Trainee: 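The structure's right below; bear with me while I get my questions together.
These numbers come from a predicted model, not from an experiment.
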Amino acid sequence: MNERHDRHCCQEYSEVSRRGMLRGAAVAGLTAAIAPSWLPKVAFAQSGPTRDVLISVYLRGGADGLTMCVPYFDRNYYAIRPGIAIPEPTSNKNGKAIDLDGRFGLPQSLSQLKPAWDNGHLAIVHAAGAQNWSRSHFDAQKWMEASSRDIGVNTGWIGRHLASINEMKPGSPLRGISLTYGMALSMNGGPKSLPIPDPEEFDFGGRHRDTADMVRWIATQYAKVQDETKAAVLNMKNTMATLDAIRFRNYAPKGGAVYSDDGFGYSLKATAALIRANIGVEAVHIDLDGWDTHAEQGPIGGYMASLMNRLGRNLGAFYRDLSFDNKMGWTMVVLSEFGRTALENGAAGTDHGTGNCVFVMGGAVNGQRVYGRWPGLARNQLLDGYDLAATTDYRAILAEIVKKRLGNTKLSTVFPGYTPQFLGIVT
Amino acid sequence: MLEHFERAAEVADEIVTAASNAPNRRALLAIGGAALLAGLPREANAQAKPPGWEAAANWTSPTNRLVRRITMGIDEVETVAAVQLGFRGYLERQLNWATIDDSAADRAVIARFPRATWTLAQLWDRGEDWISLHQYRAATVFRAMVSKRQLHQRMVEFWTDHFNVNGESVGGTLLISLVRDVIRKHALGNFYDLLSGVAHSPAMLTFLDNDDNSFEAPNINYARELHELHTVGSDGGYVGRDLHQAAAALTGWTWTRDSRSPNRGKFKFEEDDHKPGNKKVMTLNIPSGGQDEGEKLIRYLADHPNTARFITKKLIRWFLGEGAPDSVWTAAQTAFKNTRGDIKAVLRVILTPQNLMAATPKFKRPFHLIVSALRSTKASVNNFDSLLWGYLPRAGMRPFDWFPPDGFPDKFHYWATAQAPRMDFVMSLGSNAVWEVSVEFERLFRNNQTPVGMMNAINTRLFGNEMSTGDKNALLAFLTAKGFVDQERLRAAVSLAMASPSFQWY
C-alpha cells in the first residue's frame, strides 16, 4: 500500500498509531534481518505484560452437541437416538467414539482435537447454554452474541470487553477482527474492530493515479462525521497499512500443520499469522456456517461428519501450528446458538434445542476434562420433554475467560445483569 | 445562504425530535450504562443526532426525499419527474407501477437473461439450475438499475428479505417461481395474496422444511417462521404449543417433484402425510379438514392485528428509518386493517411529505450503494459477472445469498463497519476498473471546463443538488488543487463523491 507511511491525515485519530509506527521503526531493522518473509517489515515495539488473544469460533445454525461430545455413558442417549447416535468407544461398530474421560467421547471426525485434549489444552463444558431463551436462530444468536436479551443492546460481549479495557498494545490500529463480511454481533461496539473477510486483500481499491490524495480526502471527510462510519473508515486506513505488512499468503505454519484450503481453514491460518505478527489484535471472530441439521444429519460419514471434520482438522492444525513453538498466549472458545433436540426427529435429523457443548482451547486451559453438571437424557430429565437442559450458563464460561485470560474485571459491563460462578476452566 | 442554513437546521431539529421520540431510545435510557451498551456516540444520549444527519443537512426538497426513499438511487430522470408531477403525483405514479411503461427493461431482460423469463416448466425441463440462478441474480441487479418502476423494485427488495429463501439452497428454478411469480406479482398488492403465494411456493416449502413436515415426522420449522418472521412477529402472542398445532395443520403441504408430472415444481397437498384432527392456533379453532386447515391458518394470520402491527413497523423502518413517531405506526396499522392488507394503502400513509421530511437518514446497504452508484453515473454494464462474483458477495449482499430466513438486515450498525468493500467498489467504478462496466465521465461530468461546473454536475447527478456543504466544499477543493482537471482527476472526484459520507445515506 502506498499509504503506509502517510502521516498527513486523520490527525487526532492516527496520532497514537503513528507513534507506535515510529517506535516500531527503530526495531524494524533488527527484525528484518531474521524475520521470515511473511512477517511485517514494520513491527511494533514489544510492550508490557501480555493478555491472551481471544479467538471466538461461532458454529451458526445450532450445532448438535450430543454428536460433538458424545455422552456414551448415558444409556438413554442410545434410546432416544436410535438412528444417529455415535457408538460407544468399546463398540465394534463403524464410527465409534474416541473416549475422553470414561463418560464422554469425541466423534471420529473430531479426532484431530485429541492432541490438544491429551496435552491438557482442551476442555469441554457440556449441557451449557441459555435456559428458556428461544429456539429461534436469530433470537438465540442475537441474545448470545449480545449476551443480553435487552432489545436496545446492539453491542456484543467481545465488543464491550474491548471497549472496557485499555489497549493490549498501545498504538495498534486493529484490536478486534471479525473474519466475516459483516461485523459479527459478538464484536459489535468494539473500538478499533473491523470485519475483514480476507486480511490479505484490504485496501481502498480501484486504479487511480492520485490514490494517496484520495485516501487522504476520504479520511478527512469521515473524520468530521459522528456515526460509526467514522471510526470504520479511519481504522480502515490505519489497519490497511498494518495488515499490508503481513504477508498472509506466504505464512508457513509450523509443526507440519495443514489447514484446509477453504474459507474456514484460511481464517484460522490468518489468525495464526496475526498472533505471530504481534500487531496488537486482541480478539478474532470466525464463523462456520451450516449446522442446522434438520434432516439426514449424517454424524458418521455424512453431512455433519464432513462439517465436523472441517472444524476439527482446522482447530487441530491451529493448535499444532502454535503449540509447536509454544506460542500459547491465546484462548479459543467455540460456541453455537443452541444445541439440538436430544430426540432425533423423523428425518434422521434434529431440531432446535437448548443445552450444548462448548469447547475451550488454549495454553492456560485446565484441560482434559469435561465440565458441567450432566442433566441426563431420560424423558423426565429432558427440558420440555425433548431437549438437553442447560445446566451451565454459557456466560459463566465466557466471563471466566474475560476475567482470567483477558484481564478484564468489568464483568458487569461485559455481561450486564449477570453474576458468574466460575468453573475453573482456565487458570 | 443564511436562510439556507436555517432551513437545514430546522430539518435537523425535526430529525432530532423524531429520533428522541423513538421507543428504542426510551428503552435505552432506561438501562443503566446505556451509552456503552448501545454503542452510542460518546456525546450525551439526549443530544445525540441520528447517524447520517450530516449527509442529510441539505435535504430540503420533499420530492428529492421521496425519490431517495422510493428509488434505488438518485437519477436525474426521476428527480425531474418528481418535480414535474409533484410529490403526490409522483408517488401515485410509482404506486401504480403496472401502468408505467417498462418495456425497454423487459426486452433487455429477455435478450440478456432469458431464463429470468422462462416458464416454470421450461426452467424445470432445461435444468442447469445454477445458470438460471445466475441469470436471475443478474436480472435482479439489472432491473434495480434501469426499471422505471422504482418503488416496485424497492418493495420487491423488501419482500424478498421478508420472505427470504437462500438461492443456492433451493436452486434457480424454485427461486424464480417464488420471487418472480409471487413476490414481484404481489409486492404492491395485498398482503394475504403475498403470504398465501409464499406459503404455497415450493421454494419456501423446501427452504423451511415443510416438505418434510408429515404426520409421522412433524417439522415445525416453517410453522415457526410463518409466525415469527412472516406475520405476527416473535412477540405476536403465540406459544410453543401454537407452533406445533400450526405445523400439524400444515402437514402434507409439499410440492410435486416428479419430472413427468404436468404439475412438476408446483404445490401439492399430500393427504397421506396430513395429520387429521382439530387444531387450535392462538384463538383460531381449525376443524379437521385437510388442506383447508392450512388455508384457514394463513387467512387468520394475515388478518391478525399483530400482523398489521409487525408488518407496518417493518415497512415504516424500511421507508422512514428508525424513530418514526408512534402516530405514523398507528395510522399505518389502521390502514392495513381497514383495507385487509392493501399494501398501497399502507404506503400512502407512510410516504407523506411530513413523514419523509422528519425521517432519519437511512444507510445504503451494499446492494443499494452499488446500484445507486451505477444509476447516478449511468454506467453501462455489459456483463454482470464482476458484480455477481466479486463486488456484491464481497460486500456481503449478493441477491438471494442471505442464509437465515430473516433476510438481509435493515440495520445501520450491521453494515456500518464493513467499509472496505464499499470503498473498493466506488473507487473501482470511478477508475473504470470494474470489468465490463464503464462510465462516460467526460460526457457526464465535464459540462464546462471549470471546477465549479464539474462540481455542480456531480452534485446534480449524484445528490439531486443536495450534497452536504462540507463534502461539496472539500470536493471543490480537490478539483481546484492542481490548477487543472484532467481526465484522471475528474474520475477521481466522482469516485470521492461516491465514497463521501454524503453518498452513503438516502
Trainee: Identify which part of B:Phe425 has an atom lying under 4.5 Å from any heavy atom of chain A, answering side chain, backbone, both or neither.
Mentor: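 No part of it gets close to chain A.
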
Trainee: With a 4.5 Å cut-off on heavy-atom pairs, point out which of B:Ala395, B:Pro421, B:Pro405 contacts chain A the most.
Mentor: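 The answer is B:Pro405.
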
Trainee: Chain A heavy atoms under 4.5 Å from B:Ser234: which part of the residue, side chain, backbone, both or neither?
Mentor: side chain

Trainee: Check each atom of A:Leu185 against the heavy atoms of chain B and say whether the ones under 4.5 Å are side chain, backbone, both or neither.
Mentor: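 Just its side chain gets close to chain B.
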
Trainee: Which heavy atom of A:Arg207 sits nearest to which heavy atom of B:Asn432, and what is that distance?
Mentor: NH2-O, 4.3 Å

Trainee: Spell out, as yes or no, whether a donor-acceptor pair under 3.5 Å connects the side chain of A:His208 to the backbone of B:Met427.
Mentor: yes

Trainee: Where on B:Arg394 is there a heavy atom nearer than 4.5 Å to chain A: the side chain, the backbone, both, or neither?
Mentor: both

Trainee: So which of B:Ala493, B:Ala474, B:Ser431, B:Ala217 has the biggest tally of heavy-atom pairs under 4.5 Å with chain A?
Mentor: B:Ser431

Trainee: With the threshold set at 4.0 Å, does a side-chain nitrogen-carboxylate oxygen contact exist between A:Asp351 and B:Arg224?
Mentor: no

Trainee: If I measure from the heavy atoms of chain A, does B:Pro409 come under 4.5 Å with its side chain, its backbone, both, or neither?
Mentor: neither

Trainee: Quick one: what part of B:Asn221 sits under 4.5 Å from any heavy atom of chain A, side chain, backbone, both or neither?
Mentor: side chain

Trainee: Which atoms of B:Asp471 come close to chain A, meaning under 4.5 Å heavy atom to heavy atom: side chain ones, backbone ones, both, or neither?
Mentor: both

Trainee: Would you call A:Arg209-B:Asp486 a salt bridge at under 4.0 Å N-O?
Mentor: yes

Trainee: For B:Leu429, is it the side chain, the backbone, both, or neither that has a heavy atom closer than 4.5 Å to a heavy atom of chain A?
Mentor: neither

Trainee: Under a 3.5 Å cutoff, is there a donor and acceptor pairing between the side chains of B:His413 and A:Asn188?
Mentor: yes

Trainee: So for B:Glu216, is it side chain, backbone, both, or neither that comes closer than 4.5 Å to the heavy atoms of chain A?
Mentor: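 Answer is neither: B:Glu216 stays 4.5 Å or more from chain A.
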
Trainee: For A:Met214, is it the side chain, the backbone, both, or neither that has a heavy atom closer than 4.5 Å to a heavy atom of chain B?
Mentor: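 The answer is both parts of A:Met214.
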
Trainee: Taking every non-hydrogen pair under 4.5 Å, which of B:Ser214, B:Ala433, B:Pro218 racks up the most with chain A?
Mentor: B:Ala433

Trainee: Which one wins on heavy-atom pair count under 4.5 Å against chain A: B:Met397, B:Arg491, B:Arg489, B:Gln504?
Mentor: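 Looking at each of B:Met397, B:Arg491, B:Arg489, B:Gln504 in turn, B:Arg489 comes out on top.
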
Trainee: Taking the side chain as every heavy atom from C-beta outward, state whether B:Trp415 and A:Glu228 have any pair of such atoms under 4.5 Å apart.
Mentor: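 No, too far: nothing below the 4.5 Å cut-off.
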
